[in-house]
Participant: 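If you scroll down you'll find the structure; I have some questions about it.
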Number of protein chains: 2
Amino acid sequence: MNLSDYIEKHIKQLLKQDASSVVDIQRNLLADELGCAPSQINYVLTTRFSRDRGYLIESRRGGGGYIRIIRLSTKPSERVREMLSSQRVTQAQAMQRIAWLEEYGWLSKREAALMRAAVDSSVLKLGLPERDIVRAHIFRAMLTTLIKLSGGGESAL
Amino acid sequence: MNLSDYIEKHIKQLLKQDASSVVDIQRNLLADELGCAPSQINYVLTTRFSRDRGYLIESRRGGGGYIRIIRLSTKPSERVREMLSSQRVTQAQAMQRIAWLEEYGWLSKREAALMRAAVDSSVLKLGLPERDIVRAHIFRAMLTTLIKLSGGGESAL
DNA sequence: TTGCCTTTGACCTACTTTGACCTTCGCGCC
DNA sequence: GGCGCGAAGGTCAAAGTAGGTCAAAGGCAA
């Protein structure tokens with residue numbers, strides 16, 4: 001077993017010990033403990049604890065910094081995973097997706113309206129293809145947030 | 001938790017104890033109590049008790065000097081108008097504004113999280129000053145949307 | 001051999017903490 | 001009243017802490 005696999009196992013162990021499926025680690029400390037380069041932790045996090053594997057990562061720099069690993073109780077549905085992977089999103093696509101999310105009860109009316117506002121072309125005053133790329137980023141970030149917030153629940157987004 | 005977070009908590013505690021939402025502190029005394037450099041108090045005040053978060057700071061030097069922390073009461077319309085007029089918005093400003101809106105009950109936790117996601121610098125992968133301009137557009141669009149939706153209600157945002 | 005995954009290290013960005021030096025104010029003394 | 005001193009608070013830059021990124025090098029299997 002290579003280092004990355006070992007680190008993965010270690011983190012999963014920590015997650016198992018925690019009832020809330022949230023674990024905070026200190027990157028340099030952990031790297032030291034496991035005898036690897038700090039950036040290796042990032043590598044493991046991006047390859048093994050990605051969004052579409054059902055994990056979310058948050059972090060903070062500076063004094064008192066940390067990396068927080070959150071395990072979602074359910075993996076996102078096929079449709080959502082598809083949405084998460086788009087590199088570009090047109091205005092029309094975004095509107096369809098928001099409508100879908102709203103229809104299935106993942107978004108309240110207000111939340112849907114907020115999302116529409118954030119990805120509207122008249123708001124994102126940028127040229128193409130930049131606009132569709134930024135829209136994709138915004139949409140993904142918002143969707144990820146929804147997933148995280150409903151992560152405590154059971155029914156899969 | 002780092003020192004700054006602790007000081008923030010401490011001050012909020014003091015504010016909670018005071019019905020009028022005003023607290024006077026003595027910088028050196030507090031610094032001594034909390035075991036930190038006096039200027040650290042200023043750091044916390046500027047980063048956590050800014051105007052964008054709904055606080056006002058007054059102070060006086062010399063003998064009998066003090067720092068007064070005032071939590072602004074709900075008089076949203078004016079501040080919201082102010083927010084709507086910004087041509088540029090930094091990440092820090094946006095976060096503070098969202099915190100304020102949430103604290104005063106204009107945003108649910110989910111809505112606040114969605115807004116944060118949409119204006120995050122790591123999401124808006126653009127250079128400056130473009131990033132702050134786009135953020136201002138997005139923020140304004142979302143806020144405008146909220147206002148429209150609560151337009152039917154009574155307590156106007 | 002070639003391509004993919006892993007590992008490392010140099011350099012970057014963000015947030016915090018501290019200390020040296022500055023300004024303002026009240027007070028007592030002439 | 002003017003002066004000077006000590007008591008506060010203000011500012012700012014430097015140092016400290018911690019995580020992020022990226023490209024190059026390494027290793028292994030098809």
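Sequence lines set the chain letters: A, B, ... in the order given, protein chains first and strands last, and positions in each chain run from 1.
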Participant: Just to be sure I understand the geometry, which residues of residues 49-59 of chain B put a non-hydrogen atom under 4.0 Å away from DNA chain D?
Facilitator: B/Ser59
Participant: So, under a plain 3.5 Å distance rule, would you say the side chain of A/Ser39 forms a donor-acceptor pair with the base of C/dG9?
Facilitator: yes
Participant: Specify the separation, in whole Å, of atom CG of B/Leu3 and atom P of D/dA18.
Facilitator: 13 Å
Participant: Output the rounded distance in Å from CD (B/Gln26) to P (D/dG6).
Facilitator: 20 Å
Participant: Are A/Arg60 and C/dT13 close enough that a side-chain N or O sits under 4.0 Å from OP1 or OP2?
Facilitator: no
Participant: Once you round it to whole Å, what is the distance between P of D/dG10 and CG of B/Asn42?
Facilitator: 5 Å
Participant: I'd like to check the side-chain hydrogen bond (donor to acceptor under 3.5 Å, both in side chains) partners of A/Ser86; sequence neighbours left out, ordered by chain and number.
Facilitator: A/Arg97
Participant: Choose from D/dG10, C/dT6, C/dG9 the nucleotide whose nearest atom is closest to any side-chain atom of B/Arg27.
Facilitator: D/dG10
Participant: Rounded to the nearest 0.5 Å, how far does CD1 of B/Ile41 lie from SG of B/Cys36?
Facilitator: 4.0 Å
Participant: Going by atom types only, do B/Asp52 and B/Ser50 share a side-chain donor-acceptor pair under 3.5 Å?
Facilitator: no
Participant: Give me each pair satisfying salt bridge (Lys or Arg N to Asp or Glu O under 4.0 Å) with a member in residues 11-20 of chain A, each pair once, sequence neighbours excluded.
Facilitator: A/Glu8-A/Lys12
Participant: Could you give the OH-to-C1' distance, from B/Tyr66 to C/dT24, as a whole number of Å?
Facilitator: 13 Å
Participant: Atom CE of B/Met95 to atom C1' of C/dC15: distance rounded to whole Å?
Facilitator: 15 Å
Participant: Under 4.0 Å from OP1 or OP2 of C/dT16: is there any side-chain N or O of B/Arg48 that close?
Facilitator: yes
Participant: Just how far, in rounded Å, is C1' of C/dT7 from OH of A/Tyr43?
Facilitator: 9 Å
Participant: For C/dC15, does either OP1 or OP2 sit under 4.0 Å from a side-chain N or O belonging to B/Thr47?
Facilitator: no
Participant: Distance from B/Phe49 atom CZ to B/Ile11 atom CD1, nearest 0.5 Å?
Facilitator: 4.5 Å
Participant: Given atom CZ of B/Arg61 and atom C1' of D/dG9, what is their separation to the nearest angstrom?
Facilitator: 6 Å
Participant: For the pair A/Arg131 (side chain) and A/Leu126 (backbone), establish whether a donor and an acceptor sit closer than 3.5 Å, ignoring hydrogens and angles.
Facilitator: yes
Participant: Have a look at B/Gly65 and say if it touches a base, only the backbone sugar-phosphate, or nothing, with a 4.0 Å heavy-atom cut-off.
Facilitator: sugar-phosphate
Participant: Separation of A/Ile67 atom CD1 from C/dT13 atom C1', in whole Å?
Facilitator: 14 Å
Participant: Any side-chain donor paired with an acceptor under 3.5 Å for A/Ser121 and A/Arg135?
Facilitator: yes
Participant: Counting just side-chain N and O atoms, does A/Asn28 come under 4.0 Å of either OP1 or OP2 of D/dA18?
Facilitator: no
